[in-house]
Amino acid sequence: MISNIIPYGRQNITKEDIDAVSVALQSDYLTQGPKIAEFESKFAQYIGSKYAVAVANGTAALHLCTLALGVTEGDKVITTPITFAASANCVKYCGGEVIFSDIDPLTYLIDIESVKNKLSTAPIGTYKGLIVVDFAGRAVNLEDFKKLAEEYNLWIIEDACHAPGGYFVDSKGNMQNCGNGNFADLAIFSFHPVKHIACGEGGMITTNNLELYKKLLMLRTHGITKTSSEFVNSCSIAIGDKPLLKEDENIYPGWYMEMQELGFNYRLTDFQAALGITQMDKADNGLKRRKEIAAKYEKAFEGKSWIKTQSGNVEGHAYHLYIIEVDKRLELYNFLKTKNIYTQVHYIPTHLMPYYRNQGCKMGDMPIAENYYKGCLSLPMFPTLTVEEQDFVISQIVHFFEG
Ligand SMILES: Cc1ncc(COP(=O)(O)O)c(C=O)c1O
């Protein structure tokens, strides 16, 4: 028996992280300062996108994406029911309508055939966009979704919260990193403690679209710009409606700024960004360790009739989660808890949440997702999980089923 609790996920905070936060706290900037730009550029480089915008959390990132893409009253947006509720909620924040589409039973990702079926049986223009999720760290094949999006004039948001460092291989054999902006209009990440990169709270939006990037920067800070080339008011309004000399026409006073859109305060702090930067230094090793842990689980469960795991080609999987499906899920969950192993369920299908039931969703709407939910369980998966701890988890699961 291992005495300490083994959770399903855990952050890895080291001395470098603590030192970096401490330095940032002693600087002149507590809210957005130079560490934000440094974090954004390091993240964009890691992911392979042109632009990155740091925000307060993944939910704020999703909200800014739906705002920037102009989601409005009644707009229909398709997403998966097997994700954290925020992937759908961002549509509701803007008054849009969430249309759930079922998952693939092998990959647990949104099923392109189910999406195609929805699109092809409705008049063109019925749907505005798609929010796909690299669930558990497994990359959605965005090349396929992009073709569909072009055919039906849809935008794509990639919720890549689970998949920094993940990728899929495109039809030309190229690795396409999750969130690299080559296929989706916008992608988002979360820096919640159990994620690959932890900031406590934090999020990032990546894109290759300059217009959207500029819009996101503004929406992140109340819809305000301080860049004179973007001002729409004349210089005389800026000064207080005084007539100006011709040569002063474009000299805006230092205090001047404009609120051009209805934005929010979704900024990340500089000390969180400092943490994000040092966390990124560990990202590659963390990913490597996650893959090792997954491979060990796979090997241990190979050929066991009482278990099913996420199958198919798992190249590029970032393993935020390691999910199994079993028949006696509740019994196994409770048994493991008595052994100090705290597994988790990802996720209760969003369409079955009381809020979405009140909007008309019901049991039976998404049979594959609902069937997946009956048996899914996330096992401990985090880079600092020790070999001894993983051996213990495996032995207890095998013991539960085989005695
Ligand atoms: C798939 C997914 N999307 C969105 C979010 C929201 O991120 P945050 O918790 O940073 O707001 C999460 C976080 O748990 C998530 O797992």
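For this chain, numbers begin at 1 and follow the sequence in order. First listed ligand is number 1; within each ligand, the first listed atom is number 1. Side chains included, hydrogens not; waters and symmetry mates left out as well; all remaining heavy atoms used.
- Between D144 and K116 there is no salt bridge, since no side-chain nitrogen of the basic residue lies less than 4.0 Å from a carboxylate oxygen of the acidic one.
- Side-chain polar atoms of N89 and Y356 form a donor-acceptor pair below 3.5 angstrom.
- Numbered from 1 in the order shown, with element, the atoms of ligand 1 that lie under 4.0 Å from a heavy atom of Y347 read 16 (O).
- The protein atom (non-hydrogen) at minimum distance from atom 9 (O) of ligand 1 is S190 OG, 4.0 Å.
- For atom 12 (C) of ligand 1, the closest heavy atom belonging to the protein is F84 CD2, 3.7 Å.
- For the pair L69 and L212, the minimum side-chain heavy-atom distance is below 4.5 Å.
- With sequence neighbours excluded, the residues forming a side chain to side chain donor-acceptor pair (under 3.5 Å) with D170 are Q176, listed by chain and number.
- Sorted by first then second residue, the salt bridge (charged side-chain N to carboxylate O under 4.0 Å, His left out) pairs that include residues 150-168, not counting sequence neighbours, are K146-E150.
- The backbone N or O of G48 sits nowhere less than 3.5 Å from a side-chain atom of N180 that would complete a donor-acceptor pair.
- With distances taken over non-hydrogen atoms, the option nearest atom 11 (O) of ligand 1 out of T83, T59, D159, V133 is T59.
- No heavy atom of F189 sits closer than 4.0 Å to any atom of ligand 1.
- At the shortest separation from atom 8 (P) of ligand 1 among protein heavy atoms lies G58 N, 3.4 Å.
- Using a 30° and 60° split on the angle between ring planes, F191 and F43 fall in the perpendicular class, above 60°.
- Within the 4.0 Å heavy-atom shell around ligand 1 one finds S87.
- Of the protein's non-hydrogen atoms, the one nearest atom 16 (O) of ligand 1 is H162 NE2, 2.8 Å.
- Atom 13 (C) of ligand 1 has its nearest heavy-atom neighbour, among H63, K195, H320, in K195.
- Those atoms of ligand 1 that come under 4.0 Å of a heavy atom in N57, given as number and element, are 10 (O), 11 (O).
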